[in-house]
Amino acid sequence: MQVVSKKSNSANDWRRIVIKVGTSTIVDTSGEIKYPVINRLSQTLTQLQKSGYEVILVTSGAIGVALQQMEIVKRPADIPSQQALAAIGQSYLMAIYNQSFAFYQQHVGQVLLTYDVFNNKQMLQHTIDAIEAMLAKKVIPIINENDVIAVDELDHQHSFGDNDRLAAIVTHETNADVLIVLSDIDALYTDNPFVNPNAKQIPLVTQVTPALMAGASGSSDLGTGGMATKLYAAEYLISKQRQMILINGKNPATILDVVAGKKMGTLFKGV
């Protein structure tokens with residue numbers, strides 16, 4: 001297995017890295033699970049861990065995976081059905097991750113969170129303690145929102161936004177150096193690149209302005225996130241003096257290029 005060099009010229013000498021994958025990264029538009037992408041993601045994160053980095057994975061996709069398993073074409077609108085699908089999909093999603101990471105002899109652990117964890121100091125500390133213990137044992141925590149009991153979040157009243165905000169909060173609360181978000185787009189653009197061929201990539205954002213927010217809309221067919229939720233996550237991290245990088249998730253191995261200091265995607269970082 002290739003070893004990732006952790007030299008002083010790597011990206012800001014990162015030590016702890018949070019990787020976030022959305023539903024669109026691991027489930028395609030037809031509802032099929034992207035097994036090769038998950039395999040490459042597992043291989044890449046294992047390489048990072050074995051190279052001395054502490055890695056935390058925040059994943060979405062439980063309901064998207066369940067839709068495929070249950071042969072349901074469209075995500076149901078009623079909350080109980082979504083809860084049931086979340087339960088079905090989460091167990092299967094973790095089975096996929098466990099099998100994929102096990103091939104590379106990497107242990108993982110599941111952490112399911114809801115908003116109230118971050119509003120309760122004792123619960124939050126218990127969660128952080130558990131994550132720290134896993135990292136100390138060189139285990140990669142796999143974090144997801146607990147959609148089975150987080151009814152308000154399923155109804156988007158307090159949504160993490162396909163886990164973009166969840167990943168940002170985890171990055172801050174675990175004192176991670178960076179959040180790398182894998183998306184179905186190469187970077188933040190001046191306009192929707194799928195509609196406007198003249199749209200240009202924005203390599204650096206130091207402030208999330210109203211103009212940027214105004215240009216961000218939409219979500220994936222299977223998930224609940226979109227560019228707007230990623231900008232909210234970036235805005236939160238910038239306010240905490242932390243950074244976020246948005247890249248395309250079709251080939252998770254590009255994470256290694258980012259960690260090595262290669263400029264790609266969009267870097268969100270305050271001045």
Side-chain angles (χ1 to χ4, degrees), residues 1 4 14-23 25-27 33-35 37-66 69 86-118 120-150 153 160 162-182 249 252 255 259:
M1 179 178 291
V4 183
W14 294 335
R15 180 182 65 90
R16 180 171 294 180
I17 302 169
V18 177
I19 310 293
K20 185 267 175 177
V21 293
T23 303
T25 300
I26 59 175
V27 181
I33 300 169
K34 300 179 185 177
Y35 291 104
V37 172
I38 294 175
N39 177 69
R40 183 60 62 87
L41 176 68
S42 302
Q43 181 186 33
T44 299
L45 300 194
T46 299
Q47 287 180 228
L48 286 175
Q49 195 285 129
K50 294 187 184 307
S51 298
Y53 293 92
E54 294 178 336
V55 180
I56 299 171
L57 174 62
V58 177
T59 183
S60 300
I63 292 179
V65 166
Q69 285 299 107
I88 295 165
Q90 181 62 30
S91 61
Y92 191 70
L93 180 62
M94 281 306 300
I96 295 172
Y97 277 129
N98 270 308
Q99 184 177 29
S100 187
F101 276 102
F103 183 81
Y104 300 104
Q105 300 180 332
Q106 175 62 52
H107 294 294
V108 298
Q110 175 181 255
V111 180
L112 295 177
L113 298 176
T114 52
Y115 244 119
D116 58 340
V117 170
F118 299 102
N120 184 306
K121 289 184 178 181
Q122 187 174 32
M123 291 173 64
L124 177 59
Q125 189 58 55
H126 289 327
T127 301
I128 292 174
D129 289 345
I131 292 172
E132 291 287 352
M134 281 189 275
L135 293 174
K137 296 179 183 298
K138 302 188 184 306
V139 173
I140 295 178
I142 299 181
I143 300 175
N144 196 0
E145 186 174 354
N146 192 342
D147 283 330
V148 177
I149 63 173
E153 290 153 22
F160 279 126
D162 205 33
N163 287 350
D164 291 315
R165 182 164 174 78
L166 171 61
I169 296 173
V170 167
T171 300
H172 173 62
E173 295 293 351
T174 61
N175 199 29
D177 297 296
V178 65
L179 168 61
I180 301 176
V181 176
L182 305 189
I255 294 171
V259 173

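This chain uses plain numbering: 1 for the first residue, then up along the sequence.
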To the closest 0.5 Å, what do you measure between [atom1] ([X]) and [atom2] ([Y])?
X: F101; Y: M94; atom1: CZ; atom2: CE; answer: 9.0 Å
X: N39; Y: I96; atom1: CG; atom2: CD1; answer: 12.0 Å
X: I169; Y: I143; atom1: CD1; atom2: CD1; answer: 11.0 Å
X: L41; Y: T25; atom1: CG; atom2: OG1; answer: 9.0 Å
X: T59; Y: I142; atom1: OG1; atom2: CD1; answer: 7.5 Å
X: I19; Y: L182; atom1: CD1; atom2: CG; answer: 6.5 Å

Would you find a donor on one side and an acceptor on the other, under 3.5 Å apart, between the side chain of [X] and the backbone of [Y]?
X: T23; Y: G64; value: no
X: Q106; Y: K138; value: yes
X: N146; Y: T114; value: no

Under the side chain to side chain contact (heavy atoms under 4.5 Å, CB included) rule, collect the residues that match up with [X], sequence neighbours excluded.
X: F103; answer: none
X: A167; answer: K20, V58, L179
X: N120; answer: Q122, M123
X: T127; answer: V111, L113, V117, I131

Heavy-atom check, side chain of [X] versus side chain of [Y], under 4.5 Å:
X: Y104; Y: T44; value: no
X: V259; Y: V178; value: no
X: R165; Y: Y115; value: yes

With sequence neighbours excluded, what pairs up with [X] under the side-chain hydrogen bond (donor to acceptor under 3.5 Å, both in side chains) test?
X: N98; result: none
X: Q110; result: Q90
X: S42; result: S100
X: T171; result: none

Of all heavy-atom pairs between [X] and [Y], which one has the smallest distance, and what is that distance?
X: A176; Y: V18; result: CB-CG2, 3.7 Å
X: I140; Y: V55; result: CG2-O, 3.7 Å
X: L124; Y: E173; result: CD2-OE1, 3.6 Å
X: W14; Y: Y53; result: O-CE2, 3.1 Å
X: D147; Y: A86; result: CB-CB, 3.5 Å

Intermediate values then yes/no, side chain to side chain contact (heavy atoms under 4.5 Å, CB included), Y97 and I26: CA-CA 11 Å; Y97 277 129; I26 59 175; 4.0 Å; yes
Salt bridge (Lys or Arg N to Asp or Glu O under 4.0 Å) pairs, two or more places apart, involving residues 124-133: R16-E132
Side chain to side chain contact (heavy atoms under 4.5 Å, CB included) between L45 and I255, intermediate numbers included: CA-CA 9 Å; L45 300 194; I255 294 171; 4.2 Å; yes
